[in-house]
Protein chains: 2
Amino acid sequence: MPVALDGTDLAILAALVEDGRMTNAALAARVGVAESTSAYRVRALRESGVITSINARLDLGALGHPIHAIIRVRLGSHNREHVYNLYDKLVDVPGALTVLHVGGNDDFLMHVAVATPGELRDLILEHVTVHPVVRQTETQLVFEVRDGRGVLHR
Amino acid sequence: MPVALDGTDLAILAALVEDGRMTNAALAARVGVAESTSAYRVRALRESGVITSINARLDLGALGHPIHAIIRVRLGSHNREHVYNLYDKLVDVPGALTVLHVGGNDDFLMHVAVATPGELRDLILEHVTVHPVVRQTETQLVFEVRDGRGVLHR
DNA sequence: TTTGAAATAAATGCTAG
DNA sequence: CTAGCATTTATTTCAAA
């Protein structure tokens, strides 16, 4: 799945990762091409799937969900159907931010945001351990989340 | 830190989380207000920090980083200075997507994307375990990442 | 692929309710 | 806080290189 990307593409990607709402005019000026060119490149990057989406990110604390946790989920059966079905359900849990399917001691890692500790408990009891295929969960409180520098290092 | 948000605000947030590049005209039509009103609301949501940023999301596989992993980092000392200094360094590791500071058995969870297994090994050796305060790491391969439904459930 | 310039579309500023 | 309208700004289209 690797796509051929030149320096202009990488500059566009870096700019849009930083500010996804940058105007095309500003983008063109920043990467040094005509506006029609940057518009063309951005469209190509979206159509080819290199840019998967452009989304707003929210302050979940301001939205009343200040408590973040990681829930490590271990299964009792690794039957393919069971695993995939559970994945679909975990992704659909209210408050689930991201769900990773991983190898190793755990099967899934859920990053969740909730309003209160009680809500976290209920989330786990009502939406995670309620599934018979879940054998064990382990929950870690998240103190802080920070974005890393990503893969666009130059 | 909770902010008073009405239904219009929540509808705007949901729309921009889905498509952060939606035009203001489309947003106004979707939430049922005048364009000048939705523009005003969006600006207020950004200025109040409810919308923290709008960013492009990339297909890291297409960018040549198809391998994702979670690196669980445990420290030998929990001196405040050590912890904060290390956090700064982990966030700055090339390929680091997100770094969580957590409570429990681990101290940090790093979500990283790399090109090859060898690169993952080098990342850990050169950027993580190289710090004397790091006592142990444990690495889990990530099979798949999916977004959850988030906190805007209605 | 890239570009400039024209045509279309959208955002902003201003006024008032 | 909301809306309508005029002005300014941005995006899209397209023929040409």
Side-chain angles (χ1 to χ4, degrees), chain A residues 1-65 150-154, chain B residues 1-65 150-154:
Chain A
M1 297 279 276
V3 178
L5 300 171
D6 64 14
T8 300
D9 288 317
L10 295 175
I12 286 172
L13 294 176
L16 291 179
V17 165
E18 209 177 278
D19 177 6
R21 201 118 184 168
M22 176 177 284
T23 67
N24 182 64
L27 187 59
R30 171 160 162 172
V31 309
V33 296
E35 294 180 20
S36 46
T37 302
S38 63
Y40 174 88
R41 293 284 193 124
V42 170
R43 185 154 36 85
L45 288 166
R46 297 197 75 156
E47 284 174 359
S48 69
V50 176
I51 297 174
T52 54
S53 64
I54 297 182
N55 319 97
R57 298 171 68 181
L58 309 180
D59 177 342
L60 301 179
L63 282 165
H65 291 245
V151 303
L152 259 29
H153 27 89
R154 184 145 321 260
Chain B
M1 297 279 278
V3 178
L5 300 171
D6 65 13
T8 300
D9 289 316
L10 294 175
I12 286 172
L13 294 175
L16 291 179
V17 165
E18 209 178 279
D19 177 6
R21 202 119 184 165
M22 175 177 285
T23 67
N24 182 64
L27 188 59
R30 171 157 162 173
V31 309
V33 296
E35 294 181 21
S36 46
T37 301
S38 64
Y40 175 89
R41 293 285 193 122
V42 170
R43 186 156 44 84
L45 288 167
R46 297 196 75 156
E47 284 175 359
S48 69
V50 175
I51 297 174
T52 55
S53 64
I54 296 182
N55 318 98
R57 297 172 68 184
L58 309 180
D59 177 343
L60 301 179
L63 282 165
H65 290 245
V151 302
L152 258 30
H153 28 89
R154 186 139 319 258

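Quick note on labels: first sequence line is chain A, next is B, and so on, each numbered from 1. Everything numeric in this text was worked out from a predicted model, so none of it was measured.
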For this session: Check whether any side-chain N or O of A:T52 sits under 3.5 Å from a backbone N or O of B:R57 as a donor-acceptor pair, and report yes or no.
Result: yes
Problem set entry | B:R46: salt bridge (Lys or Arg N to Asp or Glu O under 4.0 Å) partners, not counting sequence neighbours | none
For this session: Go through the side-chain N and O atoms of B:N24 and B:S38 and say whether any donor and acceptor fall under 3.5 Å apart.
Result: yes
Problem set entry | A:L58/B:V151 under side chain to side chain contact (heavy atoms under 4.5 Å, CB included): CA gap, chis, key distance, verdict | CA-CA 10 Å; A:L58 309 180; B:V151 302; 5.6 Å; no
Exercise. Can you name the nearest heavy-atom pair linking B:G49 to A:D59, along with the distance?
Worked result: O-CB, 3.2 Å
Polar atom pairs between nucleotides 9-11 of chain C and protein, under 3.5 Å, N or O only, would you list them?
residue	atom	partner	partner atom	Å
C:dA11	OP1	B:N24	N	2.6
C:dA11	OP2	B:N24	N	3.2
C:dA11	OP2	B:A25	N	2.8

Problem set entry | Residues which pass salt bridge (Lys or Arg N to Asp or Glu O under 4.0 Å) with B:R43, listed by chain and number, not counting sequence neighbours | none
Exercise. For A:S53, which residues count as a side-chain hydrogen bond (donor to acceptor under 3.5 Å, both in side chains) partner, sequence neighbours excluded?
Worked result: A:N55
Seminar exercise, completed: Protein-proximity profile, nucleotides 2-7 of chain D, B/S/- by nucleotide at the 4.0 Å heavy-atom cutoff, equals SBB---
For this session: Could you tell me, to 10°, how much the axis swings from one end of the helix from C:dT1-D:dA17 to C:dG17-D:dC1 to the other, five pairs per end?
Result: 30°
Problem set entry | For A:A34, side-chain contact (heavy atoms from CB on, under 4.5 Å) partners two or more places apart | A:S36, A:T37
For this session: Could you check if a side-chain atom of B:V3 sits within less than 4.5 angstrom of a side-chain atom of B:L45, using non-hydrogen atoms only?
Result: no
Problem set entry | Within residues 43-50 of chain B: residues closer than 4.0 Å to DNA chain D (heavy atoms) | none
Problem set entry | Within residues 4-17 of chain A or reaching into it, pairs that qualify as salt bridge (charged side-chain N to carboxylate O under 4.0 Å, His left out) - sequence neighbours excluded | A:D6-A:R41, A:D9-A:R41
For residues 10-20 of chain A, which side-chain donor-acceptor pairs fall under 3.5 Å, sequence neighbours excluded?
residue	atom	partner	partner atom	Å
A:E18	OE2	A:R30	NH1	3.3
A:D19	OD1	A:R21	N	2.9
A:D19	OD1	A:M22	N	3.3

